Visitor: 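Shown below is the structure under consideration.
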Amino acid sequence: MKIDKIELMLCSLPFVHFFETSLGREEDRTFILVKVYAEGICGYGEVVADKAPLYSYETTETAWLVLKDFLIPLLIKKSLSEPIDFYEEARIFKGHPMAKAGLELALWDLVAKQKNLPLWKLYGGSQKEIPSGVSIGIQDSESQLIDRIQAFLEEGYQRIKLKIMPGWDVAICQKVRKKFPDSRLQVDANGAYSLDDKKTLKELDEFGLEMIEQPFAPYDLWDHSRLQKEVQTPLCLDESITSAETARKAIEMGSCRIINIKAGRVGGIIESKKIHDVCQENSLPVWCGGMLESGIGRAHNIHLATLPNFMFPHDLSASKRYYAEDLIDPPIDITPQGTIKVPDLPGIGVMPQEERIKKVSRVKKVFRKAHF
Ligand code: OSB
Ligand code: MG
């Protein structure tokens with residue numbers, strides 16, 4: 001395909017309720033929307049980098065710069081439109097996976113629309129409906145947390161993920177487990193602990209958690225492998241898994257028993273599939289994490305989660321769980337059984353609302369071949 005034009009838009013959406021983790025509290029989400037145009041078709045991608053380098057070193061500003069000065073010029077100069085060609089060529093630039101993923105996702109949407117196929121078919125996915133879980137941040141009080149869990153369970157979500165940090169961990173899990181004895185529960189620390197906290201982390205074994213996600217720092221594999229030997233609860237790695245290569249090393253070292261895949265964190269769908277495959281070969285289940293995406297990024301995640309080794313409820317919830325008004329219409333919703341039906345329309349299979357996108361975007365930049 002011949003790419004005519006690429007657009008970047010900086011968007012912000014307010015949350016319906018604040019989202020707090022061990023990294024801090026957020027009241028809204030800022031992200032970059034990527035649009036790639038060719039032959040009368042538009043492919044959409046979302047860059048999940050945040051305003052501040054808290055989850056990883058990338059920010060919306062660094063991603064914007066890397067897209068503007070390196071990735072988009074590369075794509076245009078070399079006339080790349082196949083995601084695999086972009087993936088191979090973009091490897092010359094080190095790091096910046098979220099910037100790369102946003103553009104790769106837009107290319108996937110574009111080629112799928114051109115072939116008139118939903119993304120899941122292009123990826124070789126097989127699940128028609130995927131199980132949905134919800135990630136609940138740190139709240140102002142225990143009672144606020146309990147009320148929110150109750151409400152999400154009533155909506156049908158299949159499992160609850162609690163954010164934890166020192167001071168909001170064992171006692172909280174104890175209360176939640178007592179109140180919801182049969183619910184599927186797991187926790188995510190976003191790297192808030194170290195080996196010095198081994199005693200606290202071992203206490204979590206009591207609560208029948210499905211997994212403990214990312215207890216230690218993003219760059220660590222070794223201390224996770226030491227901890228996994230001493231806790232019964234499976235460890236799940238998020239931030240630490242940046243590629244199929246780190247996934248293989250984590251598996252060889254016994255650093256985790258489960259991996260959370262996010263296309264943004266690892267640089268796109270091609271790298272995500274490689275991680276999926278190396279985990280499958282080693283009998284490690286994976287699931288799909290989220291980055292508080294708008295409906296566009298959320299739809300991309302849903303298609304990825306149809307691959308066969310995605311085995312747990314995902315951090316993929318309804319649009320309204322985060323946003324009063326999404327960028328797509330109709331918004332994503334869950335069934336009373338706590339699943340999401342995978343769209344069957346071409347590409348991401350959801351309808352971006354251009355008027356709405358215009359309203360929530362502040363900066364726009366257009367790139368054409370003549371510029372390079
Ligand atoms: O660690 O999984 C995480 C949100 C932003 C950044 C990191 C994480 C999260 C979540 C929520 O847990 C996932 C979602 O519902 O999109
Ligand atoms: Mg996480």
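All values reported here derive from a predicted model rather than from experimental measurement. Both ligands and their constituent atoms are indexed starting at 1 by order of listing.
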Visitor: With a heavy-atom distance limit of 4.0 Å, tell me whether K163 approaches ligand 1 through its side chain, its backbone, both, or neither.
Guide: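 Side chain only.
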Visitor: Under 4.0 Å between a Lys/Arg side-chain N and an Asp/Glu carboxylate O for K2 and E39?
Guide: no
Visitor: Compare every heavy atom of I138 with every heavy atom of K163, then report the nearest pair and how far apart it is.
Guide: O-CG1, 3.7 Å
Visitor: Does K365 count as lying over the ring of F367, i.e. NZ or CZ under 6.0 Å from the six-ring centre, within 45 degrees of the axis?
Guide: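 Yes, K365 lies over the aromatic ring of F367.
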Visitor: If the threshold is 4.0 Å, N to carboxylate O, is there a salt bridge linking E7 and K5?
Guide: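 K5 and E7: salt-bridged.
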Visitor: Are any of the side-chain nitrogens in K341 or D333 under 4.0 Å away from the carboxylate oxygens of its partner?
Guide: no
Visitor: Provide, to 0.1 Å, the distance between atom 6 (C) of ligand 1 and the closest protein heavy atom, together with that atom's residue and name.
Guide: M291 SD, 3.5 Å
Visitor: Please determine if S317 has a nitrogen or oxygen closer than 3.5 Å to a nitrogen or oxygen of ligand 1.
Guide: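 No; the residue has no nitrogen or oxygen that sits under 3.5 Å from a nitrogen or oxygen of the ligand.
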Visitor: Applying a strict 4.0 Å limit to heavy atoms, is E213 in contact with ligand 1?
Guide: yes
Visitor: Starting from atom 15 (O) of ligand 1, which protein heavy atom do you reach first, and at what distance in Å?
Guide: Y322 OH, 2.6 Å
Visitor: Give me the protein N, O or S atoms that fall under 2.8 Å of the Mg ion (ligand 2), sorted by chain and residue number.
Guide: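 Correct list: D188 OD2, E213 OE2, D238 OD2.
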Visitor: Counting only heavy atoms closer than 4.0 Å, does ligand 1 sit against the backbone of D50, its side chain, both, or neither?
Guide: neither
Visitor: For ligand 1, which atoms, with element, lie under 4.0 Å from some heavy atom of S135?
Guide: 10 (C), 11 (C), 12 (O)
Visitor: Parallel under 30°, tilted from 30 to 60°, perpendicular over 60°: which one fits the rings of W108 and Y123?
Guide: perpendicular
Visitor: Report the member of K161, E26, K262 with the shortest heavy-atom distance to atom 7 (C) of ligand 1.
Guide: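 Checking each option, the heavy atom nearest atom 7 (C) of ligand 1 is found in K262.
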Visitor: If you measure only the distance, is there a donor-acceptor pair under 3.5 Å linking the side chains of E293 and Y322?
Guide: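 E293 vs Y322: no donor-acceptor pair found between side chains.
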Visitor: Is there a nitrogen or oxygen of Y55 sitting under 3.5 Å from a nitrogen or oxygen of ligand 1?
Guide: no
Visitor: Starting from atom 1 (O) of ligand 1, find the nearest protein heavy-atom neighbour and note its residue, name and distance.
Guide: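 Answer for atom 1 (O) of ligand 1: N190 ND2, 2.8 Å.
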Visitor: Got an N/O contact under 3.5 Å between D238 and ligand 1?
Guide: yes
Visitor: If we only count heavy atoms from C-beta on, is the I160 to L162 side-chain gap below 4.5 Å?
Guide: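 Side chain of I160 against side chain of L162, heavy atoms only: contact under 4.5 Å found.
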Visitor: Taking heavy atoms and a distance under 4.0 Å, where does T21 meet ligand 1: side chain, backbone, both or neither?
Guide: neither
Visitor: Give the residue and atom name of whichever protein heavy atom lies nearest to atom 13 (C) of ligand 1, and the separation in Å to one decimal.
Guide: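 It is G290 O, 3.3 Å.
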Visitor: Is the cationic atom of K35 (NZ for Lys, CZ for Arg) positioned less than 6.0 Å from the six-membered ring centroid of Y44 and within 45 degrees of its normal?
Guide: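 Checked: cation-pi criterion not met.
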Visitor: How far apart are the C-alpha atoms of S132 and H314, what are their side-chain angles, what is the distance that settles it, and do they pass the side-chain contact (heavy atoms from CB on, under 4.5 Å) test?
Guide: CA-CA 5 Å; S132 178; H314 312 288; over 6 Å; no
Visitor: How would you list all residue pairs meeting ring pair (Phe, Tyr, Trp, His ring centres under 6.0 Å) that involve residues 198-222, not counting sequence neighbours?
Guide: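 As it turns out, the ring pair (Phe, Tyr, Trp, His ring centres under 6.0 Å) pairs with a partner in residues 198-222, which skip direct neighbours, are F216-H224.
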Visitor: Considering non-hydrogen atoms only, spot the tightest contact between N190 and D188 and give its length.
Guide: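 Smallest heavy-atom distance, with atoms named: N-OD1, 3.1 Å.
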Visitor: Counting only nitrogen or oxygen atoms and a 3.5 angstrom limit, does L292 reach ligand 1?
Guide: yes
Visitor: Only one of K262, K161, R298, R321 passes salt bridge (Lys or Arg N to Asp or Glu O under 4.0 Å) with D315; say which it is.
Guide: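 Single salt bridge (Lys or Arg N to Asp or Glu O under 4.0 Å) partner of D315 among K262, K161, R298, R321: K161.
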